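Step one of this worksheet: look at the structure below.
Labels below follow one simple rule: chain letters A, B, ... track the order of the sequence lines, proteins then strands, and each chain is numbered from 1. This one's a predicted model, so the numbers in the text were calculated from it and none came from an experiment.
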Number of protein chains: 2
Amino acid sequence: MSNSENSPVRESPVPMSECGAALAIEQIPDRWTWLIIREMFYGVGRFADIQADISIPKSVLSGRLAQIVENGLAKKEAYRDGSSRTRHAYALTQKGRELAPVLLALMQWGDRHMKNGESALELTDKRSGNPVKIGIVPKGGALPLRWLSYAPTQKKSDGTSGD
Amino acid sequence: MSNSENSPVRESPVPMSECGAALAIEQIPDRWTWLIIREMFYGVGRFADIQADISIPKSVLSGRLAQIVENGLAKKEAYRDGSSRTRHAYALTQKGRELAPVLLALMQWGDRHMKNGESALELTDKRSGNPVKIGIVPKGGALPLRWLSYAPTQKKSDGTSGD
DNA sequence: TTTCTGAGTTTGACATTTGAACTCTGCTCT
DNA sequence: AGAGCAGAGTTCAAATGTCAAACTCAGAAA
């Protein structure tokens, strides 16, 4: 950050009620909510699938999903699985999708500090195919979200088609 | 995000234990931890000041600070207030400071979706003075964190020097 | 109609959070 | 030196939230 950081600051320059960060935190207040949104980013939207991936108790998942929908981050959608029964899945709304930079910045930070810089996901500009990251840019200089593409980094030989 | 997003994904492509985002979330698991880190970003580091700003119970603050220090996001430092007694304050470490893009991306999101795009903080490149933001950039194209400067946005006439 | 399955809700034991009261330490005042 | 005070916690009981297992319910399949 680094402003003139000499004397201790006694009070935040921006009160909670006017700070975008604080307001955002109210919408994603806990670990479970973050992890659920992470799942949805990866495209995992069905109740049981989310539950299995992150090992969340059903009762908690149900409550968190309700909040997430209430806050407009995701919505519940019906879809047709193959040609079979109607199913439901939660999918991010535009508002939810716009959390991508946050989640990706978090991922970059986690990769750097908890995984010695090894990322499990490769981000690229889908126009050029060039690698991208989240960072500080001159206003107007960022690539639009819809150009972003990601692919899991190749792990050691994975036996390819498992099943 | 937008990969080939047709069939529903049944499982996250990156397991929790290898996902930088999931690992990061473990270090900042709840609302209070986020808010405390927000305070430290603003330079607020003293126990009582943090407590007053975010209205956290002392017992919880004390526990969260211990975790934050344990995770290496901040450290407790002694300093001399004026010429008076020794005091202590918590200050972000390098690791903690590198959360800036996450927090700022969160702020941008909050400003856009909860404040009609009005930000309480103006970010600039401190060399050029040009406004900056957090976004997707070609790898190597981001400005270094230390060039970032911020200032509270002018609110409607604030009577200056309150008191 | 019965069965199955995905998506919850309910339950009751356990854990965490709250807010108030209490402690401890190191100045500062007399 | 001794009393007082303020900052930075700790301790406690009540309220709230979490967990895992058992239960419910609706729609499709047999």
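- Distance A/I56 CD1 to D/dA21 C1': 16 Å, rounded to the nearest Å.
- For B/E122, the salt bridge (Lys or Arg N to Asp or Glu O under 4.0 Å) criterion is met by no residue, not counting sequence neighbours.
- A/R87 has its CZ atom 16 Å from the P atom of C/dC4, to the nearest Å.
- Comparing atom distances between the A/K76 side chain and each of D/dC19, C/dA7, D/dG9 picks out C/dA7 as nearest.
- Residues from residues 60-69 of chain A that place a heavy atom under 4.0 Å from any atom of DNA chain C, listed by number: A/S62.
- In this view, A/D49 and A/V44, A/R46, B/R10 satisfy the side chain to side chain contact (heavy atoms under 4.5 Å, CB included) rule, not counting sequence neighbours.
- Atom-to-atom, CD1 of A/I54 to C1' of D/dT18 comes out at 14 Å; the value is rounded to the nearest Å.
- For the side chain to side chain contact (heavy atoms under 4.5 Å, CB included) test, residues two or more places apart in sequence or in another chain that qualify with A/P131 are B/K139.
- Proximity of A/I28 to A/L99: side-chain heavy atoms (C-beta onward) are separated by under 4.5 Å at one or more points.
- Considering B/L123, B/D125, B/T124, B/I134 in turn, B/L123 is the only one that fulfils the side-chain contact (heavy atoms from CB on, under 4.5 Å) rule with B/L148.
- Under the ring pair (Phe, Tyr, Trp, His ring centres under 6.0 Å) criterion, B/W109 pairs with B/H113, sequence neighbours left out.
- In this structure, the nucleotide among C/dG8, D/dC19, C/dA7 sitting nearest to the side chain of A/S59 is D/dC19.
- Remark: B/Y90 is in phosphate contact with D/dG9, judged by side-chain N or O atoms under 4.0 Å from OP1 or OP2.
- Among residue pairs with one or both ends in residues 20-42 of chain A, those qualifying as salt bridge (charged side-chain N to carboxylate O under 4.0 Å, His left out) are A/E26-B/R31, A/D30-A/R64, A/R31-B/E26; sequence neighbours excluded.
- Nearest to the side chain of B/F47, among D/dC19, D/dG9, C/dT17, sits D/dG9.
- Atom P of nucleotide C/dA7 and atom CD1 of A/I50 are separated by 9 Å, given to the nearest angstrom.
- Regarding A/W32, its CH2 atom lies at a distance of 14 Å from the P atom of C/dT16, rounded to whole Å.
- For the pair A/I36 CD1 and D/dT18 P, the computed distance is 11 Å after rounding to whole Å.
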Donor-acceptor pairs under 3.5 Å, side chain of residues 50-62 of chain A to any protein atom, not counting sequence neighbours: which ones?
unit_1 : atom_1 : unit_2 : atom_2 : d
A/D53  : OD2    : B/S12  : N      : 2.7

Listed pairs, N/O of protein and of nucleotides 21-25 of chain C, under 3.5 Å:
none

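- For A/K75, the salt bridge (Lys or Arg N to Asp or Glu O under 4.0 Å) test picks out A/E77, with sequence neighbours left out.
- In this entry the distance linking CZ of A/R31 with C1' of D/dC19 reads 13 Å, nearest Å.
- Atom CG in A/L35 sits roughly 14 Å away from atom P in D/dT18 (whole-Å rounding).
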